[in-house]
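These notes are about the structure you will find just below.
Below, all heavy atoms of this structure are taken into account, side chains as well, without hydrogens, waters or symmetry copies. Since this is a predicted model, take the numbers as computed values, not measurements.
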Amino acid sequence: MFWAIATYAIPGIGELGDIVFAPVSAIIFYIMFGSWKGAMFNFTEEILPGTDFIPTFTIAWFWKYFTSKKESLTIRKAA
């Protein structure tokens, strides 16, 4: 997300931006994926310094995409 990394353009503002952005990011995560556990992990990842490199949304998208594909690929016998 652009806004998550844009705060690092001015030195020292990045950490303050993370404090503001962490709850917003967690809410967006919950709306997109419907997981409170994932949203709390995302909030923690955003608020802790040095953990911004973890691509939480990308990991969650892959997880949701590949686990839902398995369910939809089941073949049923015609009756």
Legend entry - Qualifying residues under ring pair (Phe, Tyr, Trp, His ring centres under 6.0 Å), relative to Phe33, sequence neighbours excluded: Phe29
Inset, instruction - Report the residues that fulfil side chain to side chain contact (heavy atoms under 4.5 Å, CB included) with Pro55, sequence neighbours left out, ordered by chain and then residue number. - result: Thr58, Ile59
Legend entry - Partner set under side chain to side chain contact (heavy atoms under 4.5 Å, CB included) for Ile27, not counting sequence neighbours: Ile31
Legend entry - Trp63 atom CH2, over 12 foreign heavy atoms within 6.0 Å: no
Legend entry - Listed partners of Thr51 passing side chain to side chain contact (heavy atoms under 4.5 Å, CB included), at least two apart: Glu45, Leu48, Ile54
Legend entry - Closest non-hydrogen atom pair, Met32 against Lys64: O-NZ, 3.5 Å
Inset, instruction - Tell me who clusters with Trp36, hydrophobic residues only, linked when side chains sit under 4.5 Å apart either directly or through other members. - result: Tyr30
Legend entry - Over all atoms of both residues, closest heavy-atom pair of Asn42 and Ala26: OD1-N, 3.4 Å
Legend entry - Note, Pro23 side chain near Phe43 side chain (heavy atom, < 4.5 Å): yes
Inset, instruction - State, with a plain yes or no, whether a side-chain heavy atom of Phe41 is found less than 4.5 Å away from one of Ser35. - result: no
Legend entry - Joint hydrophobic cluster, Phe57 plus Val24, side-chain heavy atoms closer than 4.5 Å: yes
